[in-house]
Amino acid sequence: MRKEVVLITGANGEIGHGLISYFFDNENTNVLALDVMPPDKELEKMCDRFIQGDILDNMLLGRLVAEYEIRAIYHLASILSTKAEYNPETAHKVNVEGTLNLLRLAVEQAGWQGKPVKFLYPSSIAAYGLPDLEIKNKSGKINEDEWCHPTTMYGCNKLYCEHLGRYYTKFYRRLAVDSTQSGIDFRALRFPGLISASTTPTGGTSDYGPEMLHHAAMGIPYHCFVRADTKLPFMVMPDAIKSLLLLEQAPRENLKQLVYNVTSFNPSAGKFRDIVLEAFPKAEIDFVPDLSRQGIVDSWPADIDDAAARKDWGWEPDYDQQRAFTEYLIPAVKAKYS
Ligand code: SER
């Protein structure tokens, strides 16, 4: 008999850390973790098995099908927006071909199991692309169907993979004589910038938020790469994990769409600095905008509308701006670096 597991790709990343810790602390879930980087030792202990390997390695994925009964896939591996711009073709391979490989794996698994395999996919505010700052400032909360004209390779990849998820769920091999459902139950979240107290992101463009906080806590000066008036939606990691789990557990019939916005608060970078300075009065934070990265952030929405998630599966963040900083981020980063 093959062992029943949940497969988590990109396990070493920020969301991977949060999700694996949650499963370890709260649920009797066997985690099969995959990451291209060597495992973080603490994290490895929380997994049933941690494999260092590449989602582009089809032989490896084939072996996983043979060995495990994978009931759900959290496909977290990807190359983030800033890093992807330095090598767009490699980013495309990892972000799109990697996702396609996992969708294939899910089809095979569903076939063997005779039941749907859930495919949880973190998409992003990068899937949006607003043409200029004036429109961004005028647009207010943006819903899932507006302004889907991404301007980064990462954003294009995320939006396209949402479409792939829809295709595999609803239209897979639609002309085949023996056409049957693929068995994939694809569910995606468009995350805002995520902030964790225990890890820092690598290669993203919303990174100025978490970087400002962690630098202040470590006593290292920080040059913020966007203007003080720059606004993006954000959410803390415990809420990101909560949203993934809630969406995974939602009855399929309640889900009117395959892709949902989720968010919590949206301070300007200047406000972010004020809050950090209140907690760390000696922090040195100034604004030295990098025009290219600023351009990316200016094309992302200042706020997103998560009404559909609230209505369909009861989404609500536990941490608004006040609670996020006072009850989670500030005490936890102080403890981490003391
Ligand atoms: N945090 C991501 C990035 O900045 C957006 O999803 O690339």
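We're numbering straight along the sequence, starting at 1. Indexing begins at 1, ligand by ligand and atom by atom, following the structure's order.
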**Neighbour count >12 (heavy atoms, 6.0 Å) for atom CD, E67** = yes

**Prompt:** What orientation do Y319 and Y328 show, parallel under 30°, tilted 30 to 60°, or perpendicular over 60°?
**Reply:** tilted

**Request:** Inspect the contact between K118 and D185 and indicate whether a charged nitrogen and a carboxylate oxygen are less than 4.0 angstrom apart.
**Result:** no

**Request:** Establish, from distance only, whether the side-chain atoms of Y222 and E211 form a donor-acceptor pair under 3.5 Å.
**Result:** yes

**Message:** Does anything in residues 262-282 form a side-chain hydrogen bond (donor to acceptor under 3.5 Å, both in side chains)? List the pairs, not counting sequence neighbours.
**Reply:** none

Could you list each nitrogen or oxygen of ligand 1 that sits under 3.5 Å from a protein nitrogen or oxygen, with the atom names and the distance?
{"residue": "ligand 1", "atom": "1 (N)", "partner": "S206", "partner atom": "OG", "Å": "2.9"}
{"residue": "ligand 1", "atom": "4 (O)", "partner": "S81", "partner atom": "OG", "Å": "3.4"}
{"residue": "ligand 1", "atom": "4 (O)", "partner": "T205", "partner atom": "N", "Å": "2.5"}
{"residue": "ligand 1", "atom": "4 (O)", "partner": "S206", "partner atom": "N", "Å": "3.0"}
{"residue": "ligand 1", "atom": "4 (O)", "partner": "S206", "partner atom": "OG", "Å": "3.3"}
{"residue": "ligand 1", "atom": "6 (O)", "partner": "S124", "partner atom": "OG", "Å": "2.6"}
{"residue": "ligand 1", "atom": "6 (O)", "partner": "Y154", "partner atom": "OH", "Å": "3.1"}
{"residue": "ligand 1", "atom": "7 (O)", "partner": "S81", "partner atom": "N", "Å": "3.1"}
{"residue": "ligand 1", "atom": "7 (O)", "partner": "S81", "partner atom": "OG", "Å": "2.5"}

**Message:** Tell me whether K311 forms a cation-pi arrangement with Y260, defined as NZ or CZ under 6.0 Å from the six-membered ring centre and within 45 degrees of its axis.
**Reply:** no

